[in-house]
Amino acid sequence: MEEREDCIALQCRQYSASCREFSVRCQPVQLRSLSAATCSVWLAAYWLFVLTQNSMVLSAAIFITLIGLIVYLHFVKIDQESLLVIASLGIQMTSSYASGKENTTFIEMSRVKDVVINEAIYMQKVIYYLCILLRDPLDPQSVSEVVPLFQSSKPRLDCLVEVYRSCQEILEQRKTVSQTL
Amino acid sequence: MVENSPSPLPERALYGFVLFLAAQFGFMLYLVWAYVPESWLFSLGLTYWPQKYWAVALPVYLLVTIGIAYVLLFGINMMSTAPLNSTHTITDNYAKNQQQKKYQEEAIPALRDIPISEVNRTFFLGDGSN
């Protein structure tokens, strides 16, 4: 749990010895910010109407508000991001949007080299983020791709370290499994 | 081959002084051209000048360019930062092609780029055999 102006919550669930799920839940859409945005758009439209005396401005403002809200809820606002790690199968990332849409990506375990906490420059800051390193099929020691996780909630280091430790416990199991085979 | 050094030399003093005189002369010429009315200059016989419009336009162009350059530099920096999903945040050509030196007892280990998995294990899991 982290205390910031926008709180995010981490939940870890263990389904079995080799399967864990981590969900990061962001703050839902606040009524306060929603009404503030609507009021400002409508006030601006009314001011334009007073200037131009064209009533199309008002209907356009209502239209824009509705379409903007739908687009925001369906394409922009992510409510919950979760990571499901199954040692023998793979890793699945799910993002669920505020409108209920869910986006799922699955990476099979043979492609995964490691899950690490990387630090990089992002918008005039240096941030820590969790990422999956994918193996290059031609050269097993090199990294072909980096898949960043929890992109919209961007948890801080304490949250990431917990997820990292848990993930490493699961990933060690796949090494022991492959060595016994 | 003479080494490059920033120490003062007689040639450099000469160049500096010539540049100083030329700059002063250029500035005085610019002021004369901008302020002296055209009729006076014509009466002296000097008729082939650029339009006086440029006496104001060129400094303004220069200042706007300097202002835009700040924004442009900022933008170029942001554009050339590697995105979060690129491998350049983890490794690069030099690290991929580095040679592994043999480990010698009681000697300082050779400098090398440590892979990120190892770094993470040492920092966050608290164990590290090396």
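First the proteins, then the strands, lettered A, B, ... as listed; each starts at 1.
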Would you give the length of the straight line joining atom [atom1] of [X] to atom [atom2] of [Y], rounded to the nearest 0.5 angstrom?
{"X": "B:Met78", "Y": "A:Gln124", "atom1": "CE", "atom2": "CD", "answer": "5.0 Å"}
{"X": "A:Asp136", "Y": "B:Thr87", "atom1": "CG", "atom2": "OG1", "answer": "10.0 Å"}
{"X": "A:Cys131", "Y": "B:Ile90", "atom1": "SG", "atom2": "CD1", "answer": "5.0 Å"}
{"X": "A:Tyr164", "Y": "B:Leu125", "atom1": "OH", "atom2": "CG", "answer": "4.5 Å"}
{"X": "A:Asp114", "Y": "B:Asn120", "atom1": "CG", "atom2": "CG", "answer": "7.5 Å"}

Taking B:Leu63 as the starting point, is it possible to reach B:Trp54 by hopping between hydrophobic residues whose side chains are less than 4.5 Å apart?
no

Indicate if A:Leu10 and A:Ile8 have the same hydrophobic cluster label, given that clusters are the connected sets of ILVMFWY residues with side-chain heavy-atom separations under 4.5 angstrom.
yes

If you count heavy atoms of other groups shown closer than 6.0 angstrom to [atom1] of [X], is the number above 12?
{"X": "A:Tyr122", "atom1": "OH", "answer": "no"}
{"X": "B:Asn93", "atom1": "CG", "answer": "no"}
{"X": "A:Phe106", "atom1": "CZ", "answer": "yes"}

Show the nearest heavy-atom pair for residues [X] and [Y], with the distance to one decimal.
{"X": "A:Ala120", "Y": "B:Thr89", "answer": "CB-CG2, 3.9 Å"}
{"X": "A:Ile121", "Y": "B:Leu84", "answer": "O-CD2, 4.4 Å"}
{"X": "A:Leu133", "Y": "B:Ser117", "answer": "CD1-OG, 4.3 Å"}
{"X": "A:Val161", "Y": "B:Phe124", "answer": "CG2-CD2, 3.6 Å"}

Using non-hydrogen atoms and a 4.5 Å limit, figure out which bit of A:Glu145 sits close to chain B: side chain, backbone, both or neither.
backbone

Which atoms of A:Asn118 come close to chain B, meaning under 4.5 Å heavy atom to heavy atom: side chain ones, backbone ones, both, or neither?
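For A:Asn118, the contact with chain B is made by backbone and side chain together.
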
